[in-house]
Amino acid sequence: MTQFKSKTVLITGGASGIGFLMGRLALEEGADALIIWDINDDAMQKAKEALLQNAFQVHTFRVDVADADSVQNAADQCIAEGLLPDILILNAGVVAGKYFHEHLPGEIEKTIGVNVLGCMLVAHAFLPVIMAHGDGHIVSIASAAGMLSNPRMAAYAGSKWAVLGWSESLRIEMQQLKTGVRVTTVTPSYIDTGMFAGARVNPLLPNLSPETAARKIINGIKRNKIFVRMPALVYLLPVFKGLLPTKWFDLFVGRWMRVYKSMDHFGGR
């Protein structure tokens, strides 16, 4: 079991959405301190004020997780101030939600930068410290899109496939080296935070409430789960992909479950 009590938790993209909710839950579970890394100063200030009302210890840093210098400078500052994360939740993410050829200049780079480099750079900056403790937990918020191709999500899905592969490789490395560091990969479907406003599938694959998603992730960390997939049907995706011919899979998931139409009315934030 991974205990939050007396631990320091760092969450990227922690000022809003499930990032904020996970941070609050971690503090309620007994974490000594919460470190929020985010790009949005106003959101961080509001998050800090809300959490301080309960006498929680909260530290905020403006960080562009896609920028190596920004990440390293913030990590160095945290380490110098004795803010050493025991649990690192790599949550920051962006989505454009359009056909690949419609992407504007910079959108592809931003998607890969935040979603992929944002995980790798932050983990790389803190892993030596976490490994030195012989304990710790790295949590990657990937996506069901990392397991399933989807129209209007080519760049986003590609970024989450990368996160999935990286996170799983990191888990095996930590086990092979006997570091004591645990790795959990989270693959949720659409979460109603506003990031995927307008995206819909069908009643068998409902949009998740942010509170439910945050609670499932925190519980998964506590139980040292390798994967946290939600809703439950997402656990069957690898089985369907492995057993069904591609055309049948497209028919079942794409047409019958309407997954390939799920971004048709995407609005985003």
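In this text, all values refer to a predicted model and were calculated from it rather than measured experimentally.
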Walk me through it: do Ile89 and Val9 pass the test side-chain contact (heavy atoms from CB on, under 4.5 Å)? CA-CA 8 Å; Ile89 303 179; Val9 180; 4.2 Å; yes
Are Phe4 and Val58 joined in one hydrophobic group, where the rule is that I, L, V, M, F, W and Y side chains link up if heavy atoms are under 4.5 Å apart? yes
Going through the distances and angles, do Asp76 and Gln72 end up as a side chain to side chain donor-acceptor pair (under 3.5 Å)? CA-CA 6 Å; Asp76 290 343; Gln72 194 60 56; 2.9 Å; yes
Hits for side-chain contact (heavy atoms from CB on, under 4.5 Å) against Asp192, two or more places apart or cross-chain, chain-then-number order -> Arg200, Asn207, Pro210
Under 3.5 Å, side-chain donor or acceptor atoms of residues 42-53 against the rest of the protein: list the pairs with distances, not counting sequence neighbours.
from  : atom 1 : to    : atom 2 : distance (Å)
Gln45 : NE2    : Glu49 : OE2    : 3.0

Connected via hydrophobic side-chain network under 4.5 Å: Val139 and Ile191 = yes
Residues at least two apart in sequence or cross-chain that pass side-chain contact (heavy atoms from CB on, under 4.5 Å) with Asp86, listed by chain then number, are Lys7, Thr8, His133
- Query: Would the number of heavy atoms belonging to other residues, nucleotides or ligands and lying under 6.0 Å from CD of Gln176 be above 12?
  - Reply: no
Heavy-atom nearest pair, Ser70 first then Asp64, reads OG-N, 3.0 Å
Rounded to the nearest 0.5 Å, the CD1 atom of Ile217 sits from the CG atom of Asn219 at a distance of 10.5 Å
OG1 (Thr185) and CZ (Arg171) are apart, to the nearest 0.5 Å, by 7.5 Å
Checking the side chain of Thr212 only, and the main-chain atoms of Leu208 only, is there a donor and an acceptor separated by less than 3.5 Å?
no
Quiz item: Between the side chain of Glu102 and the main-chain N/O of Tyr99, is any donor-acceptor distance below 3.5 Å?
Solution: yes
Separation between CG (Leu10) and CD1 (Ile36), nearest 0.5 Å, reads 9.5 Å
So OG of Ser140 and CG of Asn115: to nearest 0.5 Å the spacing works out to 12.0 Å
Heavy atoms of Leu88 and Ala123 approach each other most closely as CD2-CA, 3.9 Å
side-chain contact (heavy atoms from CB on, under 4.5 Å) filter on Ala96, not counting sequence neighbours, yields Lys98, His103, Glu107
Query raised in the report: Is Leu148 linked to Leu251 within one hydrophobic cluster, defined over Ile, Leu, Val, Met, Phe, Trp and Tyr using a side-chain heavy-atom separation of less than 4.5 Å?
Result: no
Going by heavy atoms in the side chains, are Pro85 and Cys78 under 4.5 Å from each other? no
Audit row: Phe252, Lys247, side-chain contact (heavy atoms from CB on, under 4.5 Å) steps and yes/no: CA-CA 9 Å; Phe252 172 67; Lys247 289 184 178 180; over 6 Å; no
With clusters defined by side-chain heavy atoms of hydrophobic residues (ILVMFWY) lying less than 4.5 Å apart, directly or transitively, does Val114 cluster with Leu164?
no
| task | Any chance you could lay out the side-chain contact (heavy atoms from CB on, under 4.5 Å) test for Met230 and Val228, step after step, and finish with the verdict? | result | CA-CA 7 Å; Met230 57 184 125; Val228 177; 3.9 Å; yes
Thr12 and Asn91 have their tightest heavy-atom pair at OG1-N, 2.8 Å
Check: Taking the side chain as C-beta and beyond, is there a heavy-atom pair between Thr187 and Ser143 under 4.5 Å?
Finding: no
Across all chains, not counting sequence neighbours, the side-chain contact (heavy atoms from CB on, under 4.5 Å) partners of Leu117 are Leu121
Do the non-hydrogen side-chain atoms of Pro188 and Val186 ever get within less than 4.5 Å of each other? yes
Which donor-acceptor pairs under 3.5 Å do side chains of residues 20-35 form with protein atoms, sequence neighbours excluded?
from  : atom 1 : to     : atom 2 : distance (Å)
Glu29 : OE1    : Lys222 : NZ     : 3.4
Glu29 : OE2    : Arg215 : NH1    : 3.4
Glu29 : OE2    : Lys222 : NZ     : 3.2

Enumerate, atom names and distances included, each donor-acceptor pair closer than 3.5 Å involving a side-chain atom of residues 232-241, sequence neighbours excluded.
from   : atom 1 : to     : atom 2 : distance (Å)
Tyr235 : OH     : Lys225 : NZ     : 3.2
Tyr235 : OH     : Arg229 : N      : 3.2
Lys241 : NZ     : Met147 : O      : 3.2

Closest non-hydrogen atoms of Asp38 and Gly14, given as atom of the first, atom of the second and distance, are OD2-N, 3.4 Å
By side-chain hydrogen bond (donor to acceptor under 3.5 Å, both in side chains), Arg62 pairs with (sequence neighbours left out) Asp41
- Output, in order, the C-alpha distance, side-chain angles, deciding distance and verdict of side chain to side chain donor-acceptor pair (under 3.5 Å) for Tyr260 and Asn150. CA-CA 6 Å; Tyr260 294 172; Asn150 203 16; over 6 Å; no
Show, in sequence, the C-alpha distance, side-chain angles and deciding distance for Trp166 and Met120, and conclude whether the side-chain contact (heavy atoms from CB on, under 4.5 Å) test is met. CA-CA 8 Å; Trp166 166 77; Met120 295 184 181; 3.7 Å; yes
Sorted by chain and number, sequence neighbours left out, side-chain hydrogen bond (donor to acceptor under 3.5 Å, both in side chains) with Glu211 holds for none
Ile138 side chain reached by Thr184 side chain, heavy atoms, under 4.5 Å
no
All heavy atoms of Val71 vs all of Ala125, minimum pair found to be CG1-CB, 4.1 Å
Note to self: Is it the case that the side chain of Thr179 and the backbone of Met174 share a donor-acceptor pair, with hydrogens and angles ignored and the cut-off at 3.5 Å?
What the structure shows: yes
Applying ring-ring contact (aromatic ring centres under 6.0 Å, His included) to Tyr156 and not counting sequence neighbours gives Phe196
Taken to the nearest 0.5 Å, the spacing of Ser262 OG from Met257 CE works out to 10.5 Å
Q: Examine Leu83 and Phe56 and state if one hydrophobic cluster contains both, with Ile, Leu, Val, Met, Phe, Trp and Tyr joined whenever side-chain heavy atoms are less than 4.5 Å apart.
A: no
In terms of heavy-atom contacts, Met1 and Asn224 come closest through N-ND2, 3.2 Å
Those residues at least two apart in sequence (or on a different chain) that pass side-chain hydrogen bond (donor to acceptor under 3.5 Å, both in side chains) with Glu109 are none
Separation between OG1 (Thr2) and CG (Asp135), nearest 0.5 Å, reads 7.0 Å
Applying ring-ring contact (aromatic ring centres under 6.0 Å, His included) to Phe126 and not counting sequence neighbours gives Trp37
Answer yes or no: does atom NE2 of His124 have more than 12 heavy-atom neighbours from other residues, nucleotides or ligands under 6.0 Å? no
